[in-house]
Structures are given as C-alpha cells and as structure tokens.
Protein chains: 2
Amino acid sequence: MNIGEIAKRAGVSRSTVSYALTGRRPVSPETKQRIQAVIDELGYRPNAAARALKEGRTRTIGLVIPPASTRLTDMQLGFVASVVDAAARADLDVLLSPSGGEHDRSFERVVTGQRVDGVIVMEIRLEDDRVARLMASGLPFVGIGRTRDPQGMSWVDIDYETLIARCVHHLADLGHRDVALVNRSAELVAAGYGPGHRARAGFDRAVAERGLRGVAVCCADDAQAGQACTESLLAEHPELTAIATVNEAAAAGVYHALARTGREVPRDFSIVGVAARHWAENLHPPLTAADVPAVELGAQAVDLLLGRIADPAAPHRHLLVAPPISLRATTGPARR
Amino acid sequence: MNIGEIAKRAGVSRSTVSYALTGRRPVSPETKQRIQAVIDELGYRPNAAARALKEGRTRTIGLVIPPASTRLTDMQLGFVASVVDAAARADLDVLLSPSGGEHDRSFERVVTGQRVDGVIVMEIRLEDDRVARLMASGLPFVGIGRTRDPQGMSWVDIDYETLIARCVHHLADLGHRDVALVNRSAELVAAGYGPGHRARAGFDRAVAERGLRGVAVCCADDAQAGQACTESLLAEHPELTAIATVNEAAAAGVYHALARTGREVPRDFSIVGVAARHWAENLHPPLTAADVPAVELGAQAVDLLLGRIADPAAPHRHLLVAPPISLRATTGPARR
DNA sequence: TTGTAGGCGTTATCAC
DNA sequence: GTGATAACGCCTACAA
C-alpha cells in the first residue's frame with residue numbers, strides 16, 4: 001500500500017495525494033474528500049522510511065539509557081517515562097538505546113545511522129565518551145546529567161551538591177554533630193558518576209562549614225546493601241545520629257538497619273535524602289527529602305532537544321534544579 | 001556522507017562498497033581493505049532510512065507500554081528492560097510506544113507507518129483493541145500477556161490462576177482457614193485486565209477446593225493503598241490469618257498494616273504472593289512468593305517475535321510460565 | 001487546481 | 001571481481 005495506489009484509486013496523481021495529506025498546497029474540496037475516502041478505506045499511512053529519506057529527518061529521538069544489567073532506579077525510570085510521554089505529546093517516537101559499555105553497537109546505530117533527529121543521554125559521567133562521540137558527530141543532544149565541564153552541551157540536572165549540603169545544614173540545625181553520607185555505589189563513584197561525586201563534595205563542604213564530624217560511605221543500589229552498609233556504619237561509628245543519602249534504592253535497608261539496632265526514627269536517629277517524591281512517600285515512615293521533579297526534568301530535556309533540532313547553532317541552554325526539602329517524618333532534634 | 005562519497009574516494013562503484021559492507025558478494029581483499037580504510041576515516045554508516053526503504057524492513061521492533069501516567073510496576077519495568085536487552089543482543093532497535101487510550105497516535109504511527117518489523121505488546125486486556133488492530137494489520141506481534149481467547153496470537157504470560165491457586169493451597173496446607181486475596185486495582189480489573197481476573201479465578205477455585213473462607217479485594221498499585229486496603233480488610237475480617245497477593249507494589253503497605261495492627265509475620269499472619277524476585281527479596285521480611293522470571297519472559301517474547309518476522313505463516317506459539325513458590329520468611333502455620 | 005519528473009541513499013539485477 | 005542502473009515510496013520544484 002503506497003501513495004501511488006491511493007492516487008490510482010482516487011483518479012489523481014501521486015503529488016495530489018501527497019499535497020492533500022500535508023496541506024502544503026491547496027487541493028479542491030472534492031478531490032481531497034475523494035482521496036480521504038480511499039485512504040480511510042485502505043487504511044493507508046505514509047511509509048516512514050521513505051519520508052525520512054526524502055525529508056532528511058526521522059521524527060524520532062534517541063534515548064540512551066543504562067543497560068538493563070544495571071537495574072534502573074525509580075528516579076531513572078521516572079526520567080524514561082517522562083521523556084517518552086513528552087516526546088509522544090510532540091508526535092515524536094522514541095528509540096531506546098541501552099548503552100554503557102565501550103563499543104556499543106546500539107549506541108553507534110542510533111548516533112551514526114541517521115536513525116534519529118536528536119538524542120537524550122541519561123546517567124552521564126564526569127568524563128563521558130558517549131558525550132564526546134555525540135559532540136564529534138554534530139547530532140543534537142541533551143544530557144540528563146552533565147559532564148565535569150559541560151560548557152559545550154545542553155543539559156538538565158539535579159544539583160546534588162547543593163541538595164546534600166542543604167540536608168547536612170538541616171541536620172546541623174537540629175543539633176546533629178555526627179552525620180554520615182550514604183552515597184551511590186563504589187563502582188559508580190569510581191567510574192566518575194557525577195551525582196556521586198557532587199553529593200560527596202556538597203557533604204564535605206557543609207560538614208566543614210558547620211564544624212561537624214562526617215563520614216561518607218558508598219553503597220550499592222538496593223535495600224539489602226543499604227542494610228548491610230548501615231549496620232557496619234553504625235558498628236564502626238556508634239556516635240552517629242543522622243544519615244543523609246542520595247541512594248533512594250538503599251533507603252529501605254537503612255531503615256531496617258536502624259530498626260534492628262534498636263534506633264527509632266526520628267526519635268533516636270534522623271534520615272534525610274534526595275529521592276523521587278513517590279519513593280519518599282512510600283517509605284515508612286515517609287522520608288524527609290528533596291523531591292526530584294523527574295517528570296519536569298524529562299519534559300524539559302525534550303524541550304531543549306527540540307530547540308536544538310530546530311536551531312543547532314543556538315547557544316546551549318541548561319537547567320539545574322535544587323528542589324526544596326519536603327519535611328516528612330524522618331528528621332528530628334539530635335538526641336543527647 | 002553517503003555510499004557514493006565512499007565509493008568515489010575508494011575509487012570503486014557504489015555497489016562494490018555496498019557488497020563490501022554486506023558481504024553478499026565476494027570482494028577482493030585489496031579493494032575491501034581500501035574501502036574499509038575510507039569508511040573508518042570518514043566514519044561512514046549506512047543511512048537507516050534508505051536501507052529500510054530498499055530492504056522493506058527496519059531492523060526495529062516496537063514495544064507498546066502503558067502510558068507513563070500509570071506508573072509502571074517493578075515487574076513491568078523488568079519486562080521493558082529485558083526486551084530492550086534481548087533486542088539489542090539481536091542487533092534490533094526498540095521503538096517505544098506509550099499507548100493505552102483509544103485513538104493513540106503513537107500506536108498508529110508504530111503499527112501502520114511501517115516503522116517496525118514487529119511489535120511486542122504489554123499489559124494486554126481480556127478484550128484488547130490494540131491486539132485487534134495488530135491482527136487486522138498483519139504486522140507480526142507478540143503479547144506479554146494474552147487476551148481471553150488468545151488462539152490467533154503468539155504470547156508469553158504468567159499463569160496467575162495456577163500461581164494464586166498454589167499460594168492458597170500452600171496456606172491451606174499450613175492450616176489457614178480464613179484467607180484473603182489482595183488483587184490489582186479495581187480500575188484495572190474493571191477494564192478487563194487479565195492477571196486480575198485470572199488471579200481471582202484461581203483464588204476462588206482453590207478456596208472452594210479446600211473448603212476455606214476467602215475474601216477478595218482490589219487495591220491500587222502502591223504501598224499507601226496497600227496499607228489502607230489491608231487495614232480495612234483486617235477491621236472487617238479479624239478472623240483472617242493469611243493474605244495472598246499479586247500486587248507487588250502494595251506489599252510493603254500490607255506489611256505495615258499488619259505491624260500497625262499488632263500482627264507479627266509469620267507468627268500471627270502469613271503472606272504469600274507473586275512478584276519479581278528482586279522485589280520479594282528486598283522486602284523485610286523477604287516475601288514468600290512465586291518469582292516471576294521477567295528477564296526470561298522478555299527474552300522469550302523477543303525470540304517469538306523474531307520467529308514470526310522470519311515466518312509470518314508459521315503456527316502461533318506461546319509460553320505460559322508458573323514458577324515455583326520460593327519459601328522465604330512470610331508464611332508459617334496458622335495460629336489458633 | 002492539478003500533473004510530471006527528479007532525487008533522497010541504499011540494495012540488487014544485470015551486464016562485463 | 002567489478003560497474004552501471006533500476007527500483008524502494010515519498011516530497012516538491014517546475015509546468016501546465
């Protein structure tokens with residue numbers, strides 16, 4: 001089923017069918033109607049590949065996600081969902097590329113095969129060769145996250161450094177003097193994962209500013225690791241009275257470790273973090289946390305990308321968000 | 001950058017470059033090498049749209065997921081991740097279509113625009129018009145889930161009916177006489193969502209077979225709903241000593257409701273369910289549950305789809321899995 | 001208001 | 001072993 005077939009049945013030329021469809025040239029009401037009737041009858045839709053070939057654009061964007069082996073966090077999933085939704089609203093399709101490793105065929109296909117008009121990259125490292133590849137390719141792209149030196153790119157990101165510093169200040173205001181940071185996994189941090197490094201920097205800065213004693217640990221992204229990690233943390237540092245965390249997946253385990261070691265939250269111990277609102281609210285007790293606006297960030301990333309596709313020469317834009325801490329039920333005055 | 005440019009610089013014809021690339025015709029080692037050198041230098045990759053137009057296939061599959069508004073469960077995410085991974089292994093790209101509503105433009109584009117070689121559809125209803133549209137279109141497709149009468153389609157699914165029946169038998173074996181089913185949301189069940197209906201059927205059957213007293217309730221897919229739902233359930237039916245559930249997202253709430261009403265698990269109360277292993281293990285205490293092999297199911301769905309693409313006339317195949325219940329820490333003898 | 005024709009980049013059928 | 005050339009289905013000057 002192609003445009004020629006429609007044209008034949010409607011008794012017009014192919015170009016008339018095309019113009020009737022795109023509206024880029026006036027077509028008389030009668031012929032338009034006749035064409036539409038045939039189209040409806042046969043259920044014709046233009047071939048996307050032919051259109052892409054002719055127009056030089058695909059009406060598709062790429063979304064580069066971490067490979068499935070690294071289980072996505074709730075927050076990352078929020079990004080994926082919001083990007084897909086925002087793209088659908090703009091009548092764009094989304095091509096998924098699970099890429100993380102070195103020579104990733106999926107990534108190469110998406111980036112260099114002219115399969116997409118632009119790309120959104122998640123989980124960016126401080127030094128990220130996917131970003132380097134994209135910059136070299138000239139393909140419009142937007143990061144959810146940013147490199148160490150993000151001058152030459154457009155991005156949206158969460159200001160983990162500020163947020164964790166705020167968390168520490170909040171704890172200090174409540175009288176806590178011995179606080180810990182439960183960071184993302186050691187592998188991630190070792191690989192130069194931005195949020196891990198920036199959270200650490202914000203923690204160190206705020207601890208110094210307030211003259212606290214701080215200890216930072218890495219923790220894998222799941223509840224079991226969160227529990228193990230917190231238990232050993234408490235064993236080595238029994239003086240701790242509060243934890244700040246950017247590791248939402250580990251939070252439930254932190255809770256359990258505290259319960260198992262006889263600490264009641266928030267009476268004996270405070271926890272504050274950065275997490276998706278949905279996640280924070282579903283914990284018991286609900287976690288006092290800076291609520292990451294994943295939906296908004298995803299939509300903004302799509303917006304930025306559309307801008308870059310429309311005008312690749314325009315100056316780069318970015319968005320760094322630091323949502324306020326929502327007080328819920330896990331922080332209180334330090335117990336003496 | 002196109003194949004003609006490569007041909008020119010390598011001093012050969014376009015067809016020779018094409019054949020050097022695809023290997024569908026012998027090319028002398030020297031010319032092949034010369035061509036490869038030029039390709040590497042210029043970073044050339046074939047244009048996907050042109051190739052798709054010529055070959056009549058896109059090397060892309062569509063994945064129809066629920067729209068982002070309906071937050072995906074951990075299990076659904078497992079399916080998405082495993083499908084994407086399995087597709088990447090087969091050098092296929094995945095086009096995401098968040099479709100649920102009536103006239104979904106994204107769905108129409110994917111299905112009728114020849115954008116994909118085949119489609120995997122998730123979250124199938126007993127009566128599902130997306131399935132009807134796909135059958136009418138002739139596009140190869142595979143369901144993760146199945147309709148009421150899935151004769152004419154290929155699918156993989158979880159045998160919720162058998163699994164929930166097994167859960168009930170397990171509880172009955174432990175001496176429980178008053179058991180409840182915490183099902184998926186009322187909206188989902190009202191919309192004819194298969195797992196909800198089949199879980200209910202399995203529950204009713206097993207309750208009857210064992211001469212138990214059973215009560216079934218629907219519950220929205222989150223921990224807060226799980227807690228509210230369980231609390232009212234226990235208030236109305238204080239005689240209950242066990243719950244079976246297919247609602248993994250609500251499970252944490254069920255736990256909290258039991259704790260708040262002074263019931264200790266598994267001493268006073270048993271819980272057994274169907275859930276992703278990762279989810280069951282991350283609960284405290286770990287949930288005794290049939291572990292849904294999401295990774296395997298996603299990979300199988302891709303396999304089935306590849307088969308259908310290769311031979312659309314082949315008989316339909318399907319896979320119904322009923323994984324065994326993994327005994328963890330949430331079921332025990334009924335307390336008298 | 002409508003028709004004709006060329007070309008987007010690729011693969012594949014002929015020739016040589 | 002290699003080259004010319006005709007499609008694939010669409011859009012869009014250019015003509016009428």
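These values consider heavy atoms only, across backbone and side chains, with no hydrogens, waters or symmetry-generated copies. Throughout, protein chains are lettered first and strands after them, A, B, ... in sequence-line order, and every chain is numbered starting at 1.
In this structure, Gln33(A) has no side-chain hydrogen bond (donor to acceptor under 3.5 Å, both in side chains) partners at least two apart in sequence or on a different chain. For Asp91(A), the salt bridge (charged side-chain N to carboxylate O under 4.0 Å, His left out) partners two or more places apart in sequence, or in a different chain, are Arg105(B), Arg109(B).
Using a 4.0 Å cutoff to heavy atoms of chain B, the contacted part of DNA chain C runs 5' to 3' from dG9(C) to dC14(C).
Residue Arg24(A) has a polar side-chain atom (N or O) positioned under 4.0 Å from OP1 or OP2 of dT12(D). Side-chain nitrogen and oxygen atoms of Asn2(A) include at least one within less than 4.0 Å of the OP1 or OP2 phosphate oxygen of dG9(D). Distances shorter than 4.0 Å separate none of the side-chain N or O atoms of Arg14(A) from OP1 or OP2 on dC11(D).
For the pair Tyr44(A) OH and dG9(D) P, the computed distance is 10 Å after rounding to whole Å. Distance OH (Tyr19(B)) to C1' (dT2(D)): 10 Å, rounded to an integer number of Å. The separation between Gln114(B) atom CD and dC8(D) atom C1' is 11 Å, rounded to whole Å. Nucleotide dT5(D) holds its P atom 16 Å from the NZ atom of Lys54(B), rounded to whole Å. The separation between Leu21(A) atom CG and dT12(D) atom P is 12 Å, rounded to whole Å.
Of all nucleotides listed (dC10(D), dG9(D), dG3(D)), dG9(D) comes nearest to the side chain of Leu53(B). If you check dG3(D), dG1(D), dT12(D) against the side chain of Ser28(B), the one that comes closest is dG1(D).
We find that Arg34(B) and Glu30(B) are not joined by a salt bridge, their nearest charged nitrogen and carboxylate oxygen being 4.0 Å or further apart. The pair Arg146(B)-Glu127(B) does not meet the salt-bridge criterion, since no charged nitrogen lies less than 4.0 angstrom from a carboxylate oxygen.
In summary, the side chains of Arg133(A) and Thr112(A) do not present any donor paired with an acceptor at a separation below 3.5 Å, with no hydrogens or angles considered. Between the side chains of Ser15(A) and Ser18(A), no donor-acceptor pair of N or O atoms lies under 3.5 Å. Between the side chains of Thr58(A) and Asp117(A), at least one donor N or O lies within less than 3.5 Å of an accepting N or O.
Between Ser15(B) and Met1(A), the residue anchored closer to the 5' end of DNA chain D is Ser15(B), taking for each the nucleotide with the nearest heavy atom.
If you check every strand for non-hydrogen atoms under 4.0 Å, Gly11(B) touches sugar and phosphate atoms only.
The base of dG3(D) lies close enough to the side chain of Arg25(B) for a donor and an acceptor atom to sit less than 3.5 Å apart.
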